[in-house]
J.: 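Structure in structure tokens, see below.
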Amino acid sequence: MTETDAPRQADLFASMKRAGRILFAATALLVAACQSIVPKGPGPAQPGPTQTGPEITEGLPTDTLRHRVALLVPMSGPNAGVGQSIANATTLALLDTKADKVRITTYDTGVGAAAAASKALADGNKLILGPLLAEDARIVGPIAARANVPVISFSNDSSVAGNGVYIMGYNPNQSIERVVEFARGKGLSKFAALVPKGVYGERSGTSLLRAVEGAGGTVVSMQTFDRNQASITAAVKKLHASSSYDALLIADSGRVAMQVAPVVRKNGGATARLLGTELWNTDSGLASSPVLRGAWFASVSDGLYSQLATKYRARYGNAPFRLSALGYDSVLLTVRIARDWKPGTTFPAARLRDAGGFSGIDGAFRFGRDGIAERALEVSEIGAGAFTVVAPAPRSFAE
């Protein structure tokens with residue numbers, strides 16, 4: 001497994017989100033200048049404008065008026081609901097921006113990522129949005145690179161970035177860095193961590209060590225656990241035995257955090273500030289847990305997403321998956337760059353690395369030289385029945 005090996009819902013953000021009153025429009029795009037596991041979930045897998053089939057050697061006639069852009073997502077198989085939700089969101093983005101010069105065609109990675117990529121390239125597409133899974137991005141990347149076509153994947157696995165592959169997924173490393181920085185600014189200095197066994201836990205632990213060191217704090221203890229009560233209890237007791245701490249990172253889902261927190265409160269962590277990752281943002285049930293009140297976590301802002309979800313439900317009759325925002329924002333980015341991109345020519349990939357970055361449904365983001373999307377994150381506190389933003393996300397990287 002890769003970076004999102006945490007809970008099976010780790011790479012899939014739930015569709016129920018907090019409301020916000022921020023203008024929702026395509027002009028929100030600002031330009032200054034685990035294997036990613038996605039579980040089965042609700043949402044129809046209705047057939048979209050998918051093009052699938054065997055690889056062909058002759059592409060479609062060159063479109064001299066519109067840009068050909070391929071969307072590679074699963075439209076069949078266990079992740080079809082997520083793929084359909086992303087595809088629907090790209091359609092909404094095209095409608096909202098009135099982008100008549102961009103043509104997006106969907107290709108089903110559910111029947112094979114290599115076949116989908118080859119078909120997309122043979123059809124003359126100059127940019128690939130997707131795929132969703134890290135394992136598919138590893139396959140698509142080299143195929144697209146040979147054709148000099150960039151790939152903007154929706155994965156959050158940093159190991160697949162580079163060599164023409166850019167990843168837009170929500171990176172837990174950045175979430176941990178943001179919440180640690182915030183906690184350190186509030187005077188907390190002794191950090192501990194509970195991390196699940198596996199790649200997600202290993203990377204979360206490494207991120208905590210680096211973040212705490214950079215913030216001038218100290219990691220006094222870190223324990224791993226399996227996701228069962230006996231293992232959780234043993235890990236918490238080891239934390240208490242090794243040292244006292246004033247901040248504790250629970251690097252797992254909200255569901256697991258609700259199991260862990262009561263054990264922590266009864267075993268040496270009664271007054272410790274609990275910290276979480278971006279995974280907590282999707283679990284509204286956290287606000288009903290008294291032992292988690294006062295906990296902090298960092299994630300992308302929800303101000304615009306709630307309005308996207310409302311528009312999505314009005315058009316498609318059901319709620320979107322949280323990852324649909326990535327599809328929407330990838331289109332906003334494409335449309336913005338397309339203003340100065342001649343149809344039929346190579347996509348100007350250098351524009352993706354604009355230091356000023358972009359902004360969309362999920363707020364400000366920019367790609368570094370490593371191809372990983374750096375995001376402006378907010379910090380929220382869990383209260384009685386709701387989350388409260390205690391440190392807003394910067395609106396741009398100029399702030």
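Excluded from the calculations below are hydrogen atoms, water molecules and symmetry mates; all remaining heavy atoms, backbone and side chain alike, are included.
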J.: In the structure I gave you, are the side-chain heavy atoms of Tyr170 and Val300 within less than 4.5 Å of one another anywhere?
T.: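 They are in contact (side-chain heavy atoms under 4.5 Å apart), so the answer is yes.
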
J.: Evaluate the criterion salt bridge (charged side-chain N to carboxylate O under 4.0 Å, His left out) for residue pair Arg203 and Asp157; output intermediate values, then yes/no.
T.: CA-CA 11 Å; Arg203 292 180 177 175; Asp157 189 338; 3.1 Å; yes

J.: Measuring only between side-chain heavy atoms, which start at C-beta, is Tyr245 closer than 4.5 Å to Val219?
T.: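 No, too far: nothing below the 4.5 Å cut-off.
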
J.: Is there a side-chain contact between Met222 and Leu209 in this structure, where contact means two heavy atoms from C-beta onward sitting under 4.5 Å apart?
T.: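 SC-SC contact between Met222 and Leu209 confirmed.
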
J.: Can you name the closest pair of heavy atoms from Ala193 and Leu239 and give their distance?
T.: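 Nearest heavy atoms, Ala193 then Leu239: O-CD2, 3.8 Å.
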
J.: Please determine whether side-chain hydrogen bond (donor to acceptor under 3.5 Å, both in side chains) holds for the pair Tyr312 and Asn88, giving the CA-CA distance in whole Å, both sets of side-chain angles, and the decisive distance to 0.1 Å.
T.: CA-CA 8 Å; Tyr312 186 105; Asn88 289 344; 2.9 Å; yes

J.: Considering all heavy atoms of both residues, which atom of Leu279 and which atom of Asp252 are nearest to each other, and what is their separation?
T.: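 Smallest interatomic distance, heavy atoms only, reads CD1-C, 3.9 Å.
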
J.: So, applying side-chain hydrogen bond (donor to acceptor under 3.5 Å, both in side chains) with Ser207, which one of Asn171, Thr277, Asn173 is it?
T.: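 That would be Asn173; it is the only one of Asn171, Thr277, Asn173 passing the side-chain hydrogen bond (donor to acceptor under 3.5 Å, both in side chains) with Ser207.
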
J.: Please check this pair: side chain of Ser85 against backbone of Phe321, looking for a donor-acceptor N/O pair closer than 3.5 Å.
T.: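 At least one qualifying donor-acceptor pair exists.
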
J.: With a 6.0 Å cut-off (strictly less than), is the heavy-atom count around CZ of Arg293, excluding the residue itself, greater than 12?
T.: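 Enclosed: over 12 neighbouring heavy atoms sit under 6.0 Å from CZ of Arg293.
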
J.: A side-chain contact here means heavy atoms from C-beta on lying under 4.5 Å apart; do Tyr166 and Leu333 qualify?
T.: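 Tyr166 vs Leu333: side chains apart.
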
J.: Any side-chain donor-acceptor pair under 3.5 Å between Arg315 and Thr91?
T.: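 No donor-acceptor contact under 3.5 Å links the two side chains.
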
